[in-house]
Structure formats: structure tokens, C-alpha cells
Amino acid sequence: MRTQVGIVGAGPAGLTLARLLERTGIESVVLEDRTRDYAEQRIRAGVLEQGTVELLRDAGVAERLDREGIVHGGIHLQFDGERHHVPLSQLAGGRSIVIYGQTEVVKDLIAARLESALPLLFETAVESVDPERGVIRHAGGELECDVIAGCDGFHGVCRGSVPDGVLQIFEREYPFGWLGILAEVAPSSDELVYAHHERGFALLSLRSPERSRYYVQCDPADVAEDWPDNRVWDELRARTALDGWTLEEGPVLEKGVTPMRSFVTEPMQHGRLFLVGDAAHIVPPTGAKGLNLAVADARTLAEALVEWYGGGGRDHLDAYSETCLRRVWRAEQFSYWMTSMLHRTGDDPFEQRLQLSQLRYVTSSEAAATSLAENYVGLTTMA
Ligand code: DHB
């Protein structure tokens with residue numbers, strides 16, 4: 001088998017890239033080792049930057065997103081028993097965020113791909129890729145490609161296929177994780193609440209007017225079984241407590257631990273292989289950048305491929321890694337900063353005083369709040 005662009009992985013990165021290529025007449029085959037059911041059920045993040053929403057709209061896959069997505073113009077930062085509103089849109093030139101589950105984005109992209117009757121092969125495990133020759137070896141045979149897009153996530157095979165010594169890895173692990181639940185209860189807050197507390201960080205988010213998505217900082221070695229429902233609610237209540245406000249509880253539909261890691265691969269390309277999204281970089285979830293970065297990589301690669309196939313040369317293709325890494329490192333710094341400001345990092349009272357001072361600063365200085373806001377909604381120009 002032969003195609004122009006072989007896409008390994010049917011997550012947001014791979015499916016977005018496939019859709020953008022379809023719109024410009026470039027051929028692709030998407031290979032995914034999991035089942036369609038798995039791809040459509042796995043609960044992930046849920047904050048889309050306006051740029052991500054606009055890209056999905058331009059790609060013709062935002063009909064349900066435009067109907068069901070919930071537009072937010074701000075977030076709350078809570079510390080020292082007080083909740084402070086950060087008016088993101090007001091500070092960031094009118095731009096906003098949209099609450100819509102990554103799971104739903106994936107469902108919409110799969111539906112669009114299948115409707116176009118283009119190749120999307122589930123349960124097709126990729127065994128290895130050859131970055132020099134552009135060959136993908138999988139359970140059913142070989143796929144020859146002009147270009148391979150490695151969209152197979154942090155644990156995928158693509159990054160590992162690059163010869164030793166080519167990639168430089170930058171990494172940081174955090175001494176905590178997030179325990180997340182999806183609950184069948186109306187959100188108790190109008191906008192997201194990021195809470196700093198001596199018991200640890202907590203985050204109140206949502207998926208719909210009937211469903212809430214909540215997280216508490218936990219030990220990185222914890223598993224869901226360590227957190228019976230009553231323990232989760234006790235911690236959420238304690239960490240987000242506020243006079244005159246109540247956290248409403250409801251049945252817990254799903255529970256899981258999210259690891260926390262910062263990770264960047266340089267460069268993001270070798271030979272015919274281009275790494276896209278989590279295959280190349282991971283951010284800790286505070287700041288909600290992971291999905292948005294994956295979609296932005298897909299756009300950069302799609303635009304470069306359109307130019308190359310159109311006879312416009314390979315300047316943008318050759319610059320893929322450099323272009324993406326500028327944006328990636330901005331998101332890495334922002335996510336690291338948000339994570340460091342909001343989590344309990346140990347028993348060091350000096351650290352805790354610095355966090356509280358920083359939180360007071362971003363909630364009282366317009367300059368500091370603007371910096372948070374423009375990063376949170378997504379920078380349009382890259383510093
Ligand atoms: C959600 C996840 C995040 O990492 C975040 O910063 C905000 C919201 C979410 O799952 O809703």
C-alpha cells in the first residue's frame with residue numbers, strides 16, 4: 001500500500017491533520033492501534049482556545065461544538081479562603097475559551113472522516129516506522145509514505161524509531177498527580193476555579209450544564225481505588241470552601257489519575273518523520289494546553305505540506321520543528337508556572353509564601369493578570 005501522508009494515531013493530532021489534508025486534496029491513511037470505542041470514550045481535557053475552535057470551524061467539524069460548547073470569558077483563582085475573578089476576555093483583546101471535551105472533538109473528527117469514506121484503520125498496531133524510507137510496518141503489512149506523521153502520543157512507537165543521538169530530551173517530573181472525576185451534577189461555579197490550598201490544589205471544571213469535571217492534587221503513585229467517592233468529595237469541599245457557597249455533589253461517573261510531566265523533544269522531525277502533539281511534547285495539565293498544542297502542530301504541518309505538494313518548496317516543511325518548538329516552549333513555561341504557583345510542593349513555608357505572593361500579584365495587578373490571560377486564551381503571536 002502507498003499513500004502521501006501516513007498518520008500514526010487517531011487522537012486529536014492525527015485526526016485534525018487528516019481532516020486538514022482532506023480539505024486540500026492531500027491523501028492520507030490513519031492507523032490506530034486501539035478500538036474506535038476506546039478513542040471515543042477516553043476522558044481527557046476540555047478547554048479549547050479560541051484559535052483551536054476557529055481551526056475546527058474552518059475544517060468543517062464544529063457544528064456540534066458551536067451548539068454544545070460553553071463559552072467562558074474568565075476563570076477564578078482561589079487562595080487564602082478567597083476567590084478572585086480573572087476576566088480573561090477583557091484582558092486578552094476579547095478572546096475567550098470554549099468548554100468542550102476532547103473526547104467530543106475526537107468523536108466529531110472520526111465521524112467526519114468516516115463520512116468522507118477515507119481510510120481510518122482501528123485496531124491496527126504499528127510495529128515500527130522507518131523515518132528515512134517513509135515506511136510504516138503494521139500488523140497487516142507495510143504502508144509506503146512520502147511523509148509519516150507520528151501522532152501516537154507519549155508512549156507511541158514513532159519517537160522511539162528515531163536513531164539514538166538525534167533527539168535531545170528535556171524533562172521534568174512533578175511529585176504529585178491529579179485525581180479527576182466526572183460527576184453527574186450541575187457545575188457549582190459559573191466559571192473554572194483553580195484553588196490553591198494547604199491540603200493541595202483543586203480544580204472545578206465542567207463538561208455541560210449537567211456534568212461537572214473536578215480534580216484534586218494527589219500522590220503520583222495513587223490509583224483510583226485509593227480515592228473512594230467520599231474521600232474525593234471531602235477533599236474537594238475542604239480545598240474549595242468559601243463562605244456562602246456550596247459545592248453540589250452527584251453520582252461519580254468516572255474516576256482516574258492524571259500523571260504530571262513536562263517533556264520536550266528537539267527536533268520534532270527526522271527524515272520523513274514528523275512528530276505531532278504528545279509524541280513530541282507533554283505539558284502538566286494546569287493551564288489546559290495539551291490539546292491546543294497538538295492541534296496547532298497539526299495545522300503547522302498541514303500548511304507546510306500544502307505548500308510542498310503545491311510546488312511551493314520545502315522551506316516551511318524544513319522549519320516545522322522550529323516553528324512548533326517556539327509555541328511549545330511558551331506553553332511549557334506557562335504550564336510549569338501555573339503548576340508551580342498552585343500546587344502544594346512540600347512542607348517548605350518559604351515556597352508557600354512565594355506562591356501566595358504570586359497569586360496576590362496576578363489577582364491585583366492588571367499587568368500580571370494580562371500576562372496570565374493572554375497565555376491562557378492562547379498567544380496569537382509567538383514571543
Ligand atoms: C480541565 C483540564 C485542565 O487541565 C484544566 O487546566 C482546566 C480544565 C478539564 O478537564 O475540564
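Whatever order the structure lists them in is the order used to number ligands and atoms, beginning at 1. Atoms considered below: every heavy atom in the structure, side chains included; atoms not considered: hydrogens, waters and symmetry mates. If you're wondering where the values come from, they're calculated on a predicted model, not measured in any experiment.
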Check ligand 1 for N or O atoms under 3.5 Å from a protein N or O and list each pair with its distance.
from     : atom 1 : to     : atom 2 : distance (Å)
ligand 1 : 4 (O)  : Pro285 : O      : 2.7
ligand 1 : 6 (O)  : Tyr194 : OH     : 2.6
ligand 1 : 6 (O)  : Pro285 : O      : 3.2
ligand 1 : 6 (O)  : Gly287 : N      : 3.4
ligand 1 : 6 (O)  : Ala288 : N      : 3.4
ligand 1 : 10 (O) : Arg207 : NH2    : 2.7
ligand 1 : 10 (O) : Tyr215 : OH     : 2.6
ligand 1 : 11 (O) : Ser205 : OG     : 2.6
ligand 1 : 11 (O) : Arg207 : NH1    : 2.8
ligand 1 : 11 (O) : Arg207 : NH2    : 3.4

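- Not counting sequence neighbours, Glu144 has no partner by the side chain to side chain donor-acceptor pair (under 3.5 Å) test.
- Legend: residues meeting ring pair (Phe, Tyr, Trp, His ring centres under 6.0 Å) with Trp329, ordered by chain and number and at least two apart, are Phe170.
- Between Glu249 and Arg237, at least one side-chain nitrogen of the basic residue sits less than 4.0 Å from a carboxylate oxygen of the acidic one, meeting the salt-bridge criterion.
- You'll find the ring centres of His197 and Phe79 outside the 6.0 Å limit.
- Here Arg137 pairs with Ser128, Glu142 under the side chain to side chain donor-acceptor pair (under 3.5 Å) rule; sequence neighbours left out.
- With rounding to the nearest 0.5 angstrom, the CG atom of Leu242 is 10.0 Å from the NE2 atom of His76.
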